[in-house]
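Before any comments, here is the structure.
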Amino acid sequence: MVFKIIIHVFCFIFVPSVLCGEIVKDIPTTLSGPFTPVTVPLDDSFRGNAVDLPSDDPRLQRTVKGFEPEQISISLSANYHSLWISWITGEFQIGDSIKPLDPDSVASVVQYGKVKSLDKVHSQKAEGYSLIYNQLYPFEGLHNYTSGIIHHVKLTGLSPDAVYYYRCGDPSIGAMSDVFRFKTMPVSSSQNYPKIGIVGDLGLTYNTTSTVSHLIKNNPDLVLLVGDATYANLYLTDGTGSDCYSCSFANTPIHETYQPRWDYWGRYMQRLTSKVPIMAIEGNHEIEEQVDNATFAAYSARFAFPSKESGSKSTMYYSFNAGGIHFLMLGGYTAYDKSSDQYKWLQRDLAKVDRKVTPWLVGVWHPPWYNTYVSHYKEVECMRVAMEELLYNAGVDIIFNGHVHAYERSNRVYNYTLDPCGPVHITIGDGGNREKMAKKHADEAGNCPEPSSTPDSFMGGFCAYNFTSGPAAGNFCWDRQPEYSAYRESSFGHGILEVKNETHALWTWHRNQDMYNVAGDQIFIVREPERCPVRAPPPVMVWDE
């Protein structure tokens, strides 16, 4: 016992970056960077089975009866003491004649407590609200859709780092779920951190099932979904798969979607989302245009967001704490310029962050700023131009993106220049969707895209000019892997972020073709707050509120 205490003291004094009791392998740290860029050659023998699960797959079938809950999921509120339970009751309808269900016809009730029996003595009850959404098209021959009843219930007054049991539904009609369990986040402090799984661009393919299975085996406390959940918009309204983004009907461009893919996805994902909180941000495949120019209807209705709790007026951007990490969930498909509501909200949110309580500041949005693949190259340069300085001055440590269906990790970078105080950008849009992998690099001969072709079509705006300085000065693309790109590989997979303390976080990327506990890429991301002090954001003027 005395020997163990001596070892513990030695570790604490002389090796503060390593948790006592852990065997640390020869894992590189960002302190050793910047690293020489590495590209892992594409393994043509492993392409992944990026084929969608068919609608008759048993894992996608409705197994409940009447108004019993299905598609159950958990999401966090702004802090540990509250979270959301969401589910769906009733069947969706699709066709020419649909009659929306009445959300008020079924109650939204969660019974929860720390004892599995959930008896009257050891359980509490919370009630929430319900809604439905429609996907409507003003063209003859296209099928309209109306959802089942979507329920969202907020649980409050929860203990930190505690296991709770719950069931949801409407007890007055005997339509209740089985009993599930979840674990709350720890108190926000420099010593408490959850284990976080990160996935992007999932879809619902056979390769998706491999990604999710690997993720579950790595036992995360929280999952981040960095956009593009279901790819329902790659199906026509009759359920026929289509990779056409500009399909037209009656000579009118319309991006059809097959909304039942959302229901299939919710059913399949319940084995994870009913136990582990999932925090999502919108991607381009969530746009889903419909009648009256409505967009993001499914995304905004199906997920519960801590928007109000974090001071946001939109489901498209919000923030929350998970232990000693403050997450900025930003929208790449809503206004982000300096006069926008999102930018002003971001200023206010950053001004409230206490780095003594949440030392780590992590940004999450769908389209990457630093991407060396041809796919989506410099697509959201206008977002980077608008927001990068604000996030750099705030001392954002890590940024996670999706959109590009491959893996890439950057060196610390700011304004395309290596910078020891810049964030590490990680693209992890390799969840396994049907669009398959991104393979071509913009720096390879003949692959540099035409600049005018690069802006995102939904947001518009052109900011992607040639580099003005550095090795690629005067060119739109580098002629080799850029120095800001540390590692890139075209494989499907997921990532795990394990923050060890206020300065060290272990990032591990897992490839689907490996065993779940094998690292495809691994690095300690190290904060240096003394070297890189936070710069106070400019004040938000009264008229900006």
Side-chain angles (χ1 to χ4, degrees), residues 42-62 71 73 197-218 223-245 247 255-273 278 280 282-288 298-299 302 366 373 375-376 401-407 427-439 489-495 509-516 520:
L42 179 68
D43 181 2
D44 285 318
S45 67
F46 179 80
R47 298 297 300 133
N49 195 3
V51 176
D52 276 334
L53 298 180
S55 59
D56 60 358
D57 187 292
R59 293 169 290 185
L60 314 186
Q61 298 303 300
R62 188 172 190 264
Q71 304 180 49
S73 66
I198 303 174
V199 291
D201 302 71
L202 268 180
L204 193 55
T205 70
Y206 290 99
N207 216 90
T208 306
T209 64
S210 177
T211 301
V212 173
S213 294
H214 280 66
L215 176 61
I216 290 173
K217 289 179 180 178
N218 276 317
V223 172
L224 302 182
L225 173 57
V226 297
D228 285 0
T230 71
Y231 289 79
N233 68 340
L234 291 188
Y235 277 78
L236 305 181
T237 62
D238 63 1
T240 303
S242 173
D243 292 331
C244 172
Y245 257 179
C247 298
H255 292 179
E256 300 177 39
T257 80
Y258 186 63
Q259 289 297 296
R261 296 299 300 185
W262 277 97
D263 295 284
Y264 303 157
W265 190 86
R267 291 167 188 163
Y268 176 79
M269 292 294 289
Q270 179 176 300
R271 65 188 184 124
L272 171 65
T273 60
I278 184 168
E282 83 278 0
N284 58 301
H285 284 273
E286 275 77 68
I287 295 172
E288 298 185 329
Y299 162 82
R302 289 176 180 268
H366 186 59
Y373 289 83
S375 177
H376 308 302
N401 306 115
H403 204 33
V404 178
H405 304 155
Y407 174 75
T427 297
I428 190 154
D430 56 346
N433 70 83
R434 64 177 294 173
E435 290 184 318
K436 303 184 180 180
M437 297 177 189
K439 300 183 291 182
E489 180 177 351
S490 296
S491 289
F492 291 130
H494 75 281
W509 173 59
H510 297 275
R511 307 185 310 170
N512 282 3
Q513 62 262 47
D514 300 326
M515 294 295 292
Y516 74 91

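Since the structure is predicted, the reported quantities are computational estimates derived from the model, not experimental observations.
Partners of His405 according to the ring-ring contact (aromatic ring centres under 6.0 Å, His included) rule, which considers only residues two or more places apart in sequence or in another chain, do not exist here. Every residue was checked against the ring-ring contact (aromatic ring centres under 6.0 Å, His included) condition with Tyr258, not counting sequence neighbours, and none meets it. With sequence neighbours excluded, the residues satisfying side-chain hydrogen bond (donor to acceptor under 3.5 Å, both in side chains) with Ser213 are Arg271. In this structure, the side chain to side chain contact (heavy atoms under 4.5 Å, CB included) partners of Ala280, at least two apart in sequence or on a different chain, are Leu225, Phe303. Partners of Thr257 under the side chain to side chain contact (heavy atoms under 4.5 Å, CB included) rule, at least two apart in sequence or in another chain, are Gln135, Tyr137, Asn233, Gln259, Glu288. Partners of Trp509 by ring-ring contact (aromatic ring centres under 6.0 Å, His included), not counting sequence neighbours, listed by chain and number: Tyr407. Applying the salt bridge (Lys or Arg N to Asp or Glu O under 4.0 Å) rule to Arg62 yields the partners Glu70, Glu91; only residues at least two apart in sequence or on another chain are considered. With sequence neighbours excluded, the residues forming a side chain to side chain contact (heavy atoms under 4.5 Å, CB included) with Asp514 are Arg511, Val518, listed by chain and number. Among residues two or more places apart in sequence or in another chain, the salt bridge (Lys or Arg N to Asp or Glu O under 4.0 Å) test is passed with Asp228 by none. His214 meets the side chain to side chain contact (heavy atoms under 4.5 Å, CB included) test with Ser210, His494, Tyr516; sequence neighbours excluded. Residues satisfying the side-chain hydrogen bond (donor to acceptor under 3.5 Å, both in side chains) criterion with Gln71, sequence neighbours excluded, are Asp263, Arg302.
Between Arg434 and Thr205, the shortest heavy-atom distance links the atoms N-CG2, 3.5 Å. Contact record, Ser490 with Ala438: OG-O, 2.5 Å, taken as the closest heavy-atom pair. Closest approach of Gly203 and Tyr231 over heavy atoms only: CA-CD1, 3.5 Å.
Inspection of the Asn284 and His403 side chains reveals an N or O donor paired with an N or O acceptor under 3.5 Å.
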